[in-house]
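What follows is a short report on a single structure.
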Amino acid sequence: MATGQVKNLCETTRTKLKEVIAKMELFLNHYSLPQLLTENDPAMDEFYRGYLSDTRHLLVFCEVAYEKLGVSLRRPNFNEDFAERTLYDVYHNCVNGFYYPKNECYSEDGRYAYTGQDAIRFRKKPSREARNLTIELSKIFEEMREDLAYYETDYMTQRRMQGERV
């Protein structure tokens with residue numbers, strides 16, 4: 001990938017991460033477990049504990065990636081290797097972190113991806129706020145997944161073929 005393309009991809013990815021971070025912070029600063037639990041249901045308690053935990057972890061990964069992309073873009077001489085490694089990390093930590101949450105409170109159903117319907121399916125019916133956050137984030141992460149598809153497998157394959165240590 002050309003240096004200009006990598007730099008542009010860093011800029012657009014950083015902008016998207018900034019939006020993701022703002023949405024997650026707003027949600028996490030306004031909603032806590034007691035606010036999300038509207039009834040005394042142990043299954044929903046477990047669901048929301050997992051959902052909040054996954055959201056906090058994803059927020060940290062996104063904040064770290066956002067900062068690394070900022071460092072990459074502020075350097076006087078753009079370091080393409082560092083930038084590409086950071087984009088690889090964004091794909092594997094942030095994008096995959098969103099689509100494959102540890103607590104599996106939701107998942108992506110690929111059958112809906114091309115129908116215009118939301119492809120996210122929840123294990124339990126969440127509050128409107130949690131559902132809206134997840135659907136909003138899915139749109140941004142879908143764009144990032146498309147933008148960063150090269151970093152899913154091709155980037156590491158290319159590095160290995162070059163004989164570089166990864």
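Positions are given from 1 along the sequence.
- Using a 4.5 Å heavy-atom cutoff, the side chains of Cys10 and Thr86 are not in contact.
- In summary, the aromatic rings of Phe61 and His57 are positioned with their centroids too far apart to meet the 6.0 Å limit.
- Cluster membership for Val64 and Tyr66, using ILVMFWY side-chain heavy atoms within less than 4.5 angstrom, is not shared.
- When side chains are defined from C-beta on, Leu17 does not count as touching Glu63, because their heavy atoms never get closer than 4.5 Å.
- For the pair Thr12 (side chain) and Leu9 (backbone), a donor-acceptor distance under 3.5 Å is present.
- Both tests do not hold together for Arg123 against Tyr106: distance to the six-membered ring centre under 6.0 Å, angle to the ring axis within 45°.
- Between Arg131 and Phe122, the closest side-chain pair of non-hydrogen atoms falls below 4.5 Å.
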Self-check item: Derivation and outcome, side-chain hydrogen bond (donor to acceptor under 3.5 Å, both in side chains), residues Glu84 and Tyr151
Solution: CA-CA 8 Å; Glu84 286 206 295; Tyr151 297 95; 2.9 Å; yes

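- Salt-bridge check for Arg145 with Glu142: passed, with a basic side-chain N closer than 4.0 Å to an acidic carboxylate O.
- Nearest heavy atoms, Ser138 versus Tyr99: O-OH, 3.3 Å.
- At a threshold of 4.0 Å, the pair Asp41-Lys124 does not count as salt-bridged, since none of the basic side-chain nitrogens sits closer than that to a carboxylate oxygen.
- The hydrophobic cluster containing Phe141 does not contain Leu26, counting ILVMFWY residues as joined when their side-chain heavy atoms lie under 4.5 angstrom apart, directly or transitively.
- Salt bridge present: Arg49 and Asp45 bring a charged side-chain N and a carboxylate O closer than 4.0 Å.
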Exercise. Kindly indicate, with the supporting measurements, whether the criterion side chain to side chain contact (heavy atoms under 4.5 Å, CB included) is fulfilled by Val90 and Leu69.
Key: CA-CA 9 Å; Val90 170; Leu69 288 170; 4.3 Å; yes

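- When every heavy atom of Met24 is checked against every heavy atom of Cys62, the shortest pair comes out as CE-SG, 4.0 Å.
- Annotation: side chain of Phe27 is in contact with side chain of Leu52 (closest heavy-atom distance under 4.5 Å).
- No side-chain heavy atom of Tyr91 sits under 4.5 Å from any side-chain heavy atom of Met144.
- Across Glu129 and Tyr31, no two heavy atoms sit closer than the pair CG-OH, 2.9 Å.
- Ring pair Phe47/Tyr51 is parallel by interplanar angle, where below 30° counts as parallel and above 60° as perpendicular.
- Heavy atoms only, all atoms of each residue included: Lys23 and Leu133 are closest at O-CD1, 3.7 Å.
- Under the 4.5 Å side-chain heavy-atom criterion for grouping Ile, Leu, Val, Met, Phe, Trp and Tyr, Val60 is not connected to Val95 through any hydrophobic cluster.
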